[in-house]
Amino acid sequence: MEYTIQTTVTGEFDDVVDATNAALTDEGFGVLCDIDIQATLKEKLGEEFRQYRILGACNPPLAYEGLTEEIELGALLPCNVIVYETDDGDIVVSAVDPEQLVGIADNDALDSIATEVTERFDRVLAAVRDEFDPASEA
């Protein structure tokens, strides 16, 4: 089962993270947390790991609407967007697929919210892709 939507670009890791944050902001998301997995694994375990960040993204109006329909939805929030470096040096930006995520709740009232978040995430990924690989296609 596919549970993410993603794009792959060529660029400097930190620049891609910055572009992802900017694109999320443009789509009404705030980043509530930014977890540097590489640094965390080095600090906690002494292990080397690829560059990998988890951005906890939240769109307050859509979160409010979802929580109003399904109070337990908070267990699935915020929506995670990850940015990581591949073995080949490319950078992947991947977002949780909101339609798969809310499918867990089995509440039809969440379908339109999931569709809205998916459309916004699609635009975020397109904006990042267009910034780093403007000649690429979706």
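Everything quoted here is computed from the prediction, not taken from an experiment.
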[X] to [Y] - nearest heavy-atom pair and separation:
X      : Y      : value
Ala105 : Leu110 : CB-CD1, 3.8 Å
Pro78  : Ala57  : CB-O, 3.2 Å
Leu62  : Arg120 : CD1-NE, 3.8 Å
Leu32  : Cys58  : CD1-CB, 3.6 Å

Just so I know, are the side chains of [X] and [Y] near enough to count as touching, which here means a heavy-atom distance under 4.5 Å?
X      : Y      : answer
Val102 : Asn107 : no
Phe132 : Val16  : yes
Cys79  : Phe29  : no
Val93  : Thr8   : no
Tyr52  : Val83  : no
Arg53  : Phe13  : yes

At what distance, to the nearest 0.5 angstrom, does [atom1] of [X] lie from [atom2] of [Y]?
X      : Y      : atom1 : atom2 : value
Thr7   : Leu125 : OG1   : CG    : 6.0 Å
Ile113 : Thr118 : CD1   : OG1   : 11.5 Å
Asp36  : Leu41  : CG    : CG    : 9.0 Å
Phe121 : Ser94  : CZ    : OG    : 10.0 Å
Ile104 : Leu76  : CD1   : CG    : 5.5 Å
Tyr84  : Ile91  : OH    : CD1   : 10.0 Å

Worked check of side-chain contact (heavy atoms from CB on, under 4.5 Å) between Thr4 and Asp97: CA-CA 5 Å; Thr4 63; Asp97 182 338; 5.8 Å; no

Between Arg123 and Asp26, is there a side-chain N and carboxylate O pair less than 4.0 Å apart? no

Looking at Lys42 and Glu47, is any side-chain nitrogen of the basic one under 4.0 Å from a carboxylate oxygen of the acidic one? no

Could you walk me through whether Ile82 and Gln6 satisfy the side-chain contact (heavy atoms from CB on, under 4.5 Å) test, starting with their C-alpha distance in whole Å, then the side-chain angles of each, then the deciding distance to 0.1 Å, before giving a yes or no? CA-CA 9 Å; Ile82 58 175; Gln6 63 182 250; over 6 Å; no

For [X] and [Y], indicate whether the former's side chain and the latter's backbone hold a donor-acceptor pair under 3.5 Å.
X     : Y     : result
Asp34 : Gly56 : no
Asn59 : Gly28 : yes
Asp88 : Asp90 : no

Audit row: Val124, Val81, side-chain contact (heavy atoms from CB on, under 4.5 Å) steps and yes/no: CA-CA 10 Å; Val124 166; Val81 177; 5.8 Å; no

Membership question, hydrophobic clusters at under 4.5 Å side-chain separation (ILVMFWY): are [Y] and [X] in the same one?
X     : Y      : value
Ile35 : Val92  : yes
Ile71 : Tyr64  : no
Val31 : Val117 : yes

Gln38, Arg50, Gln51 screened by side chain to side chain donor-acceptor pair (under 3.5 Å) with Glu85, the one that passes: Gln51

